[in-house]
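A short worksheet on the structure shown next.
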Amino acid sequence: LEIPIDVGEHHIAAATNFPEHAGDAGVEDGPFLFAKMVRPTGPYAEVSAGSGLLDYEVEVAWVTLAPLRPGETPERVGLVLCNDFTDRDTLLRHLDPWNVESGDGFTTGKSFPGFLPLGNLFVVPRDHRRFVDELELKLDVDGEPRQRSRASEMVWDLDEVLAQTWARRDQRWQHRGAQVALHPGDDAIPARTLILAGTPHGTAFDGIATAHYAAGLASWLFGGWDRPLPSHVVDAYIAAARAEAIYLEPGDEVVIHVDRMGLLRNPVVP
């Protein structure tokens with residue numbers, strides 16, 4: 001009934017690790033990493049829609065069973081399902097539109113309380129690489145299928161994510177007045193670190209359309225020069241998304257069900 005493993009609130013996360021979802025985000029240079037800073041909640045916990053644009057993301061996460069030092073490849077890791085909830089409003093207003101792969105804005109947009117339901121099983125496979133490749137990730141909203149993808153579609157596997165983590169060990173992101181790194185360890189990734197593998201296509205966010213660029217350009221041309229053009233485009237997208245109600249709203253229920261990995265069922269509240 002609770003989180004099946006005791007983990008902290010500092011996690012490593014991969015973005016655009018599924019090619020079709022990378023296309024939605026307009027990312028052409030492959031996956032990138034960011035830190036997700038939030039304490040996990042249980043597999044049946046409520047999540048607040050708040051005042052933003054609440055989006056869902058089915059993900060499988062690797063869990064380190066012992067500290068990992070540079071160059072080490074674990075023979076055994078744990079696996080757990082999670083929903084990498086995101087406030088697209090906050091994320092879009094904080095990202096670097098000229099360099100999305102920097103990861104700027106992702107930590108802040110994905111680290112609100114309740115934005116990481118975890119569970120309901122903790123699995124330690126005999127062969128984690130083969131096990132993950134055979135998984136089909138599935139997410140429904142109010143019984144409607146939204147995400148359906150094989151985990152084998154991931155661009156980076158665990159070994160590559162770990163290599164990229166060490167390559168970015170000195171990278172920092174601004175998050176609510178503080179500088180954060182990918183993980184809190186100085187010379188090792190601590191045991192019981194969550195490493196989120198990224199989400200496939202099918203999220204509520206499916207890219208910024210030409211109409212949003214046109215509306216943003218018009219707003220900028222007609223007196224909006226005090227702000228950069230991308231901020232007007234983001235405003236146009238957010239206004240359209242609110243009008244069309246394409247994001248999660250109170251009363252919705254998000255269900256993740258993956259064979260051999262378990263179930264998450266998260267009601268959306270105000």
Side-chain angles (χ1 to χ4, degrees), residues 12-38 49-57 59 84-112 115 146-147 155-156 164 167-168 170-182 196 198-249:
I12 300 168
T16 63
N17 200 21
F18 286 75
E20 195 170 359
H21 183 61
D24 295 339
V27 174
E28 299 178 355
D29 295 332
F32 58 93
L33 301 176
F34 63 93
K36 186 171 174 98
M37 307 287 294
V38 61
S51 59
L53 299 176
L54 183 64
D55 206 351
Y56 50 81
E57 293 190 3
E59 301 198 21
D84 181 20
F85 279 109
T86 305
D87 176 9
R88 296 291 177 191
D89 185 318
T90 299
L91 191 156
L92 289 170
R93 295 187 190 279
H94 286 81
L95 62 72
D96 180 353
W98 312 115
N99 184 16
V100 175
E101 295 90 336
S102 70
D104 291 346
F106 280 74
T107 298
T108 301
K110 291 173 172 283
S111 298
F112 289 96
F115 273 26
R146 295 290 184 89
Q147 291 185 284
V155 179
W156 287 352
Q164 294 293 334
R168 291 162 170 76
D170 296 326
Q171 189 170 358
R172 299 291 184 273
W173 293 270
Q174 286 284 344
H175 174 57
R176 298 181 184 136
Q179 293 269 322
V180 298
L182 274 176
L196 282 66
T199 199
H201 171 73
T203 58
F205 179 78
D206 63 355
I208 295 180
T210 302
H212 306 135
Y213 286 105
L217 177 60
S219 175
W220 181 74
L221 288 173
F222 290 98
W225 308 312
D226 57 325
R227 292 188 293 138
L229 174 59
S231 69
H232 290 275
V233 175
V234 167
D235 284 348
Y237 171 81
I238 290 172
R242 293 188 186 280
E244 297 166 14
I246 63 174
Y247 285 88
L248 295 170
E249 298 183 342

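Position 1 is the first residue of the sequence, and the numbers go up from there.
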Q | side-chain contact (heavy atoms from CB on, under 4.5 Å) partner of L196, the single match among N17, L33, D84 | A | D84
Q.
As an exercise, state the distance from CZ of F106 to CG of D96, rounded to the nearest 0.5 Å.
A. 10.5 Å
Q. Which pair of heavy atoms, one from G30 and one from T16, lies closest together, and at what distance?
A. O-OG1, 3.5 Å
Q) Mind checking what makes ring-ring contact (aromatic ring centres under 6.0 Å, His included) contact with F18, not counting sequence neighbours? A) none
**Q.** Shortest non-hydrogen contact between A15 and F34, atoms and distance
**A.** CB-CE2, 3.8 Å
Q.
Tell me which one of L229, L92, L95 satisfies side-chain contact (heavy atoms from CB on, under 4.5 Å) with V234.
A. L92
**Q.** Where A35 and A181 come nearest, the two heavy atoms and their spacing
**A.** CB-O, 3.3 Å
Show me the donor-acceptor pairs within less than 3.5 Å that the side chains of residues 204-221 make with the rest of the protein, sequence neighbours left out.
| residue | atom | partner | partner atom | Å |
| --- | --- | --- | --- | --- |
| H212 | ND1 | A209 | N | 3.0 |
| S219 | OG | H232 | ND1 | 2.9 |

Q: Specify the closest pair of heavy atoms between F85 and D55, including all atoms of both residues, with the distance to one decimal.
A: CD2-O, 3.2 Å
Q. How are the rings of Y237 and Y247 set to each other: parallel, tilted or perpendicular (split at 30° and 60°)?
A. perpendicular
Q. Of the non-hydrogen atoms in S111 and M37, which two are nearest, and what is the gap between them?
A. OG-N, 2.9 Å
(Q) Contact between T203 and Q147 at the side-chain level, heavy atoms closer than 4.5 Å - yes or no? (A) yes
**Q.** Residue pair L53 / D87, side-chain heavy-atom distance below 4.5 Å
**A.** yes
Q. Do R168 and E101 meet the salt-bridge criterion of a basic N to acidic O distance under 4.0 Å?
A. no
Q. Nearest 0.5 Å, what's the CG-CZ distance between L248 and R146?
A. 7.0 Å
Q) With distance as the sole criterion, is a donor-acceptor pair present between the side chains of T86 and K110 under 3.5 Å? A) yes
Q) Taking C-beta and beyond as the side chain, do R242 and D89 meet within less than 4.5 Å on heavy atoms? A) yes
Q) Heavy-atom distance under 4.5 Å between the side chains of T108 and W173, does that happen here? A) no
Q. Would you call Q174 and Q179 a side-chain contact if the rule is heavy atoms closer than 4.5 Å?
A. yes
**Q.** Taking every non-hydrogen atom, the tightest pair across F115 and G109
**A.** CE2-O, 4.0 Å
